[in-house]
Amino acid sequence: MNTYDLIMKKRNGGILDKDEITYIVNGFTNGTIPDYQMSAFLMALYFRGMNDRETTDLTMAMADSGDRLDLSGINGRKVDKHSTGGVGDKTSLIVGPILACLGVPVAKMSGRGLGHTGGTIDKLEGIPGFQTSISEEAFIEQVNKVNLAIVGQTANLAPADKKIYALRDVTATVDNISLIASSIMSKKLAAGADAIVLDVKVGSGAFMKNIDDARALAKEMVSIGRLAGRDVTAVITDMNEPLGNNVGNILEVIEAVECLKGHGETRLMEVSKTLASYMLLASGKADSIEKAKELIEEVIENGKAFEKMKEFVEAQGGDSSYLDNIDKFEKTKYERVIKGKDFIEKYGDASGGKTYYLSECNNEEIGMTSLILGGGRQTKEDVIDLSVGIKLNKHLGDKLEADDKVAVLYGNSLDKIEEAFNRFVGAYKITDTEITKNPIVYGVIDN
Ligand code: URA
């Protein structure tokens, strides 16, 4: 077997067998296949695609490229969740404590933000003292004690994905269904949970821009899970605007606290409760979605979910007094209010007499606004400012009056705030006719 022949086979639309796929994955991971050949292979795969069997073989080869986490030391049925990535998505911080206080062990490995998307690990590091890197032994002990631990991915979990993802990121080969499905599922399979609930995002802030592609990705991942003997459910949710009101690391922790105290924004709560319900169902702790939703609402109302969040933060070295008193969190030096008139002057008729509504949002641009403020990374090495971000007061479909406060930008540099302001206002469209809001949950795909 040689790499040149395999690149040519895929370039010509051929179907690769398991040994050929394993040869490519192992060769690239151990360095015998150089970046330039792997780049050519990825581009051939991008255009020619892979069938379900090839995608599953690719996933298994990537999952087997490093260690698999052994969760057998954790009592009970372990349930994991994963989002395909978005803007303002803090659902893990809400869902984790809810499940943990309902007796479901959640042993979660999460990622950092890259590009316009955020990552749970960066958000948790906004809580002073919080340790995102702990030993495997401490991780398992914490899950047995608290039912919840969230750590960064260890170096040797699916190392093939780490290398391939870095190359995809610079060769315009990220948004391919086989490559995304294998990337996510290789990590999830290696991370060892019995059941996995996937949040497949669709819209302008997601990798999948339309519902057909999102459904195809969801089906692919559910099918891989089934072949690997795991119980996988995919929920398809909207990412045409930020999820919830806050975007930015510390701001998102604060919003998660508000949600756990029962004051969450409607759409964010609907996604969080839906994901948590399917996780409860998969854990066997609820026998219907309706029952699961009841249990979830109960632990939010009686304060147990918020208490669990504090217990989890303390267990991982964080100072939970910040969650009791969110005013303690670090503040930015500057803030800039964005008003309705900023949109009306740019897109509409500012002389008055017309009623406007926010009609469209290029959500990737909102992620970029947060990145410009300092809250995101363009390269893995970038250092981020955890305090910056955006608070939104309006969502798509909302009425827009000139004096309305639409959003507030939080930053530590006036130049960056100015750039972010232009980017933010430029990301929206307005209309003078009332529009219907997008659904938040588009559908569920399971075994
Ligand atoms: N998230 C991943 O982990 N991998 C992808 O390819 C896309 C999103």
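Remember, it's 1-based here, ligands and their atoms both numbered in the order they're listed. Along the sequence shown, the residues carry numbers beginning at 1.
Using a 4.0 Å cut-off between a side-chain N of Lys or Arg and a carboxylate O of Asp or Glu, Lys391 and Glu255 do not qualify as a salt bridge. One finds a salt bridge joining Asp398 and Lys437 here, because a Lys/Arg side-chain nitrogen approaches an Asp/Glu carboxylate oxygen to under 4.0 Å. Look at Lys209 and Asp175 and you find no salt bridge, because none of the NZ, NE, NH1 or NH2 atoms lies under 4.0 Å from a carboxylate O.
When only modelled atom types and interatomic distance are considered, Lys201 and Ser83 share no side-chain donor-acceptor pair under 3.5 Å. When only modelled atom types and interatomic distance are considered, Ser182 and Thr59 share no side-chain donor-acceptor pair under 3.5 Å.
Only backbone heavy atoms of Thr84 (N, CA, C or O) come within less than 4.0 Å of ligand 1; its side chain stays farther off.
Regarding atom 1 (N) of ligand 1, its nearest protein heavy-atom neighbour is Ile184 CG1, 3.8 Å. Among protein heavy atoms, atom 3 (O) of ligand 1 sits closest to Lys187 NZ, 2.4 Å.
Using a 4.0 Å cut-off to heavy atoms of Ser183, the atoms of ligand 1 that qualify are 2 (C), 3 (O), 4 (N), 5 (C), 6 (O). Within the listing of ligand 1, atoms 4 (N), 5 (C), 6 (O), 7 (C) sit less than 4.0 angstrom from a heavy atom of Tyr165.
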